[in-house]
Each structure stands twice: as C-alpha cells, then as structure tokens.
Amino acid sequence: MKKDTLHLRGRLLEKYDNKLDKNGISGKRLAERLDALSRIGRTESNGSDRPGFSHEEKAAKELIMQWMKEAGLTARMDGAGNVFGRLAGKNGDAPAILSGSHVDSVPNGGHFDGPLGVLAALEVAESWKETVYQPEKPFEVVIFTDEEGSRFQEGLSGSEAMMGKADLEAKKKRQDANGLFFEEVLQDVGLSLDSYVSAKRNLNEIDSFVEVHIEQGKRLEKEGLSCGIVTGIAGPHWLKFTFEGQAGHAGNTPMDDRQDALVAASEFIFTLNTIPRQVNESAVATVGKLFVEPNGVNVIPGKVTLYVDVRDIQEETRKEVVARILRLSEELSQKHSVQVQYEDLLITPPVPISEERQDQMKKALEANNIRPYSLPSGAGHDSQVVGSELPVAMLFVQSKDGISHNPAEWSSLDDCVQAVHVLKSYVESLQS
C-alpha cells in the first residue's frame with residue numbers, strides 16, 4: 001500500500017509548488033483524491049480498469065458523492081448512473097452551470113483521463129466553501145457514466161441519457177465481452193432501461209457545461225503551458241474503401257500488365273496523408289485498418305479493404321476533406337485500372353465551441369497569468385453530446401509525452417492545480 005501511495009500521491013506532491021495553494025484551492029487534497037480513485041480498479045501494471053456500468057465505476061462515483069456531501073453539495077445519482085453534486089446559488093431559479101467529466105476507464109487505462117475533470121470541478125466547490133463564497137447561479141459537479149464505451153464499444157452513454165439522445169433500440173441489441181446485454185448490465189448495478197430513459201433532463205435547468213480534461217496530445221507540452229483553450233471537438237467521418245484489381249502470379253505477370261490493388265491502395269494512403277493540411281489546420285485523416293487478399297507472398301494482391309477516419313471541428317471543412325479523398329480514389333481507380341467502391345460507416349457532427357466561450361476562457365487564463373493558447377480536440381468527449389444543444393467550453397491540461405489510455409498517463413500536479421484556478425475564474429465569470 002505504501003508503494004502505491006508513493007506512486008501517485010507522493011509522486012504528484014514531490015515537486016508541487018505550494019504557492020499554487022491559494023483562494024481555497026488545495027493541491028494536496030486534489031492529489032489525495034486522485035490517488036484514492038486510482039485504487040479502485042487498479043490493475044497489476046498500475047493502470048485503471050473501471051468499465052462503464054461496472055461495480056468499480058459505481059464505487060468511484062459513491063466515493064466522490066461522499067466528498068460532494070462533505071463539501072456541502074447535495075448529491076444524487078440519476079437513472080443512467082450519472083452523478084450530480086449541486087451547490088445552491090443565490091438565485092435558486094437560475095439555470096445551473098455544470099462542470100465535470102467521467103470516472104470510467106478503458107482497460108488498463110490511466111488515472112487522469114476523466115477523474116481530473118470531475119475533481120477539478122469539485123475542487124472549485126471546495127474553494128468556495130473555504131472562502132465562504134456562494135455563486136449567483138447554482139453549480140453542479142457532474143460525473144457522466146460510461147464515457148469511454150469500453151464495455152459495449154460505444155461510449156458517451158451517460159451524457160446521451162441526460163440529453164435524451166440515446167438510441168435505446170440499438171443499445172438493447174449490444175452485448176459486452178461476457179455476452180451480457182445492455183439491459184442485463186444496467187440491472188447488475190441497480191439500474192434499468194426505464195430508469196435510463198428517465199435520466200433525460202429539462203435543458204432549461206442548465207445554463208452551460210464546462211469540462212476540464214487532459215489533452216492526450218503534445219501541443220501544450222511543446223508550448224510549455226499548463227492548460228489551453230479547446231476550440232472545438234472533432235466529429236469522425238468513417239469510410240470503408242474497397243480496391244479490386246486482379247490477383248495473379250507474382251513471377252509470371254509482367255510489371256506493365258498488372259491490376260495490383262495494393263499498389264493503388266498504397267498510393268491512396270500516401271496521398272491521403274497530404275489532404276487535410278490543404279483544407280484546414282485542425283483536420284486529420286487516418287488509415288488505421290487494412291486487409292489484403294489473398295495475402296500471399298507470391299500473389300499479386302487482388303483486393304484491398306481499408307478504413308479511413310476523417311475528423312475536423314468544422315463540418316464544412318470535414319466535408320471538403322472527404323470530397324477530396326473521394327476524388328483521389330476515382331483518379332487512382334483509372335490510373336491503376338482497378339475498381340474502387342466506398343461506404344460511409346459513421347458520420348458524427350463536430351461541435352465547434354463558440355467564440356464567446358473561448359474568449360471567456362481566454363480571460364480566465366490571463367487572470368491566472370497563463371498565456372492563452374488554442375487547440376482542437378480530436379477525441380470525443382461528453383462535451384460533444386452536451387454541446388449539440390447547450391453552450392459548452394473545454395480546458396485541456398498538459399499531458400506528459402501526449403500519452404493517454406495507458407498506465408503511463410501523467411499530468412503534473414502544478415498543471416492540474418493551475419487548471420483548477422482557471423476553471424474557477426471561468427465559472428465565476430459566468431455569474432453575472
């Protein structure tokens with residue numbers, strides 16, 4: 001146990017700048033809570049294993065609900081397993097400002113992805129208790145359930161339930177690795193399909209949502225900044241491409257008489273890599289999955305199936321990237337005398353964050369003597385679901401080496417506490 005403590009709590013506090021403890025914010029408290037959560041679902045390789053709708057995820061929520069109550073919040077869990085810790089505002093009728101994230105993890109994940117956002121919001125509430133401050137508007141610390149989706153390969157279940165955006169019929173058909181259906185998994189943690197549906201909130205009760213999250217990239221580290229402003233959350237557009245040529249003997253077919261599907265697919269992948277930068281600096285495109293048939297050493301490839309993941313924070317520029325990729329496939333079809341077909345697999349709308357919210361976050365950074373820096377989010381978050389209908393903002397925290405979904409995931413306590421100060425300034429700026 002002592003070794004575990006030194007690994008997270010001790011390591012966090014080892015080089016912590018105590019001067020950051022001010023205005024009611026405590027780095028020690030944040031470190032201790034990150035450490036306590038890391039022990040729930042701890043793996044042999046020192047990672048986190050708290051799947052959505054698991055007893056480990058539920059235990060983490062119940063521990064935080066205890067902390068919420070100690071901080072003077074009224075804590076409740078809804079029918080989807082989402083947790084809300086509410087601090088009353090001076091104006092009890094005003095819509096609430098929500099802030100938080102999730103506590104579920106990928107298998108053998110890290111200890112910051114999700115928990116930091118929840119604990120940062122809770123630390124803001126703790127700071128107000130310490131300084132005897134009551135916000136004008138109600139403030140709610142949120143824990144969304146099953147954000148990662150490692151149980152059913154489909155995440156954001158909690159935020160979808162709150163927003164009334166879940167496809168319940170599709171969820172009913174999903175099974176986890178143990179063969180359990182969605183309904184059975186819900187029942188195992190004291191929930192049900194009916195309770196899941198009942199989690200939909202009246203959106204008039206909510207002013208906005210702000211989420212603190214680790215960057216999961218290297219931009220802030222390269223800039224030497226503790227945190228930065230998220231400009232938008234990219235929506236993925238997945239496409240399946242099939243290149244069909246003619247399989248043949250690798251020795252007896254001349255080079256000028258081939259219909260090599262893999263050569264065409266290879267040029268496609270190489271050229272595709274240059275397209276996003278021609279359209280928008282936040283656009284990306286990736287080929288991460290590929291099958292070659294017949295896949296023989298001495299056989300010319302006759303068929304290649306590959307999958308493209310295109311993302312951007314603006315829908316129009318994402319459409320342009322996809323359009324150029326489709327034109328490229330047509331050109332290569334003619335050039336290499338192969339047939340190319342494509343299929344749309346997934347199209348999720350991106351969520352750009354308003355200039356107004358970005359500007360408010362910029363002022364919060366400047367108020368804490370941090371140079372404002374803006375960056376997009378290539379990964380999905382609960383803010384993406386909430387932001388489809390409500391104002392949202394996101395603050396990224398520096399990730400060491402950009403590592404995430406891995407036990408080596410790390411953000412220094414200095415950077416985490418700096419983010420809490422910025423979050424506090426941001427939320428207080430929304431009170432007027």
Side-chain angles (χ1 to χ4, degrees), residues 106 148-157 160 165-167 169-177 233-248 258-280 282-296 299-351 376-381 384-385 405:
V106 298
E148 295 288 4
S150 60
R151 193 74 176 264
F152 295 100
Q153 308 306 306
E154 177 189 57
L156 307 171
S157 296
E160 285 182 344
K165 291 187 171 294
D167 185 343
E169 292 306 312
K171 286 185 178 295
K172 285 180 183 179
K173 299 174 184 177
R174 290 192 173 272
Q175 290 177 280
D176 68 7
I233 305 162
H237 183 158
W238 292 355
L239 303 99
K240 174 184 176 182
F241 283 87
T242 304
F243 291 74
E244 288 197 69
Q246 181 66 54
R258 299 187 176 201
Q259 292 174 273
D260 191 324
L262 184 55
V263 169
S266 297
E267 185 171 350
F268 174 79
I269 295 169
F270 180 79
T271 308
L272 176 148
N273 190 57
T274 67
I275 291 176
R277 286 170 288 181
Q278 299 168 7
V279 179
N280 196 15
S282 59
V284 294
T286 307
V287 176
K289 189 175 182 180
L290 179 147
F291 299 95
V292 179
E293 299 176 52
N295 206 31
V299 183
I300 297 167
K303 182 177 180 181
V304 173
T305 304
L306 59 84
Y307 298 80
V308 181
D309 179 331
V310 180
R311 303 190 186 211
D312 201 0
I313 63 174
Q314 300 290 341
E315 190 156 15
E316 288 306 310
T317 49
R318 187 185 67 177
K319 286 181 178 178
E320 177 61 23
V321 172
V322 170
R324 294 191 185 197
I325 289 172
L326 294 178
R327 286 200 295 271
L328 172 65
S329 70
E330 294 169 359
E331 292 168 3
L332 294 177
S333 171
Q334 297 178 9
K335 178 179 178 180
H336 295 283
S337 300
V338 299
Q339 299 296 315
V340 181
Q341 295 180 324
Y342 81 93
E343 177 185 353
D344 291 315
L345 300 180
L346 172 72
I347 304 177
T348 302
V351 177
S377 173
H381 302 281
Q384 188 168 0
V385 177
H405 287 186

Quiz item: Which heavy atom in Ile313 sits nearest to a heavy atom in Ala234, and how many Å separate them?
Solution: CG2-N, 3.7 Å
Practice problem: Quick one: list whatever passes side chain to side chain donor-acceptor pair (under 3.5 Å) with Lys240, sequence neighbours left out. | Solution: none
Quiz item: Got Ile275 and Leu328 here, is their nearest side-chain heavy-atom distance under 4.5 Å?
Solution: yes
Quiz prompt | Contact list for residues 327-337, test salt bridge (charged side-chain N to carboxylate O under 4.0 Å, His left out), sequence neighbours left out | solution = Glu267-Lys335, Glu320-Arg327
Quiz item: Which residues satisfy the side chain to side chain donor-acceptor pair (under 3.5 Å) test with Arg151, sequence neighbours excluded?
Solution: Asp176
Quiz item: Would a distance-only check, ignoring hydrogens and angles, find a side-chain to backbone donor-acceptor pair under 3.5 Å from Arg174 to Phe152?
Solution: yes
Quiz item: Hey, is CD on Gln339 packed in by over 12 heavy atoms from elsewhere, all under 6.0 Å?
Solution: no
Quiz item: How far apart are the C-alpha atoms of Lys303 and Thr242, what are their side-chain angles, what is the distance that settles it, and do they pass the side chain to side chain contact (heavy atoms under 4.5 Å, CB included) test?
Solution: CA-CA 7 Å; Lys303 182 177 180 181; Thr242 304; 3.6 Å; yes
Quiz item: Below 4.5 Å, heavy atoms only, C-beta onward: do Leu290 and Ile269 meet side chain to side chain?
Solution: yes
Self-check item: Non-neighbouring partners of Lys289 that pass salt bridge (charged side-chain N to carboxylate O under 4.0 Å, His left out), sequence neighbours left out
Solution: none
Exercise. Give a yes or no on whether Gln334 atom CD has more than 12 heavy-atom contacts from other residues, nucleotides or ligands under 6.0 Å away.
Key: no
Quiz item: If you round to the nearest 0.5 Å, how far is CH2 of Trp238 from CG of Leu346?
Solution: 5.5 Å
Quiz item: Can you list the residues that meet the side chain to side chain contact (heavy atoms under 4.5 Å, CB included) rule with Pro301, with sequence neighbours excluded?
Solution: Asp260, Leu262, Val292
Quiz item: Quick one: side chain to side chain donor-acceptor pair (under 3.5 Å) partners of Lys171, sequence neighbours excluded?
Solution: Glu154, Ser157
Self-check item: Least distance between heavy atoms, Ala264 atom then Leu332 atom
Solution: O-CD1, 3.8 Å
Quiz item: What pairs with Ser337 under side chain to side chain contact (heavy atoms under 4.5 Å, CB included), at least two apart in sequence or on another chain?
Solution: Gln259
Quiz prompt | side chain to side chain donor-acceptor pair (under 3.5 Å) involving Glu169 - partner list, sequence neighbours excluded | solution = Lys172
Practice problem: Under the side chain to side chain contact (heavy atoms under 4.5 Å, CB included) rule, what do Leu272 and Val308 come out as? Steps first, then yes or no, please. | Solution: CA-CA 9 Å; Leu272 176 148; Val308 181; 3.8 Å; yes
Quiz item: Listed by chain and number, what are the side chain to side chain contact (heavy atoms under 4.5 Å, CB included) partners of Ala283, not counting sequence neighbours?
Solution: Pro276, Asn280, Asp312, Val321
Exercise. Give the minimum heavy-atom separation between Ile233 and Ala379, together with the two atoms involved.
Key: CG2-O, 3.4 Å
Quiz item: What are the two closest non-hydrogen atoms of Ala261 and Phe243, and how far apart are they?
Solution: CB-O, 3.5 Å
Exercise. Using the side chain to side chain contact (heavy atoms under 4.5 Å, CB included) rule, take Phe268 and Leu306 through it: C-alpha gap first, then chi angles, then the decisive distance, then the call.
Key: CA-CA 10 Å; Phe268 174 79; Leu306 59 84; 3.7 Å; yes
Exercise. Identify, with sequence neighbours excluded, every residue that meets ring-ring contact (aromatic ring centres under 6.0 Å, His included) alongside His237.
Key: none
Exercise. Using the side-chain contact (heavy atoms from CB on, under 4.5 Å) rule, pick out the option among Arg318, Arg311, Gln384, Gln314 that qualifies with Pro350.
Key: Arg318
Exercise. Report the distance from atom OG1 of Thr305 to atom CD of Glu244, rounding to the nearest 0.5 Å.
Key: 7.5 Å
Exercise. State which residues pass side chain to side chain contact (heavy atoms under 4.5 Å, CB included) with Leu326; sequence neighbours excluded, sorted by chain then number.
Key: Leu239, Phe241, Val322, Tyr342
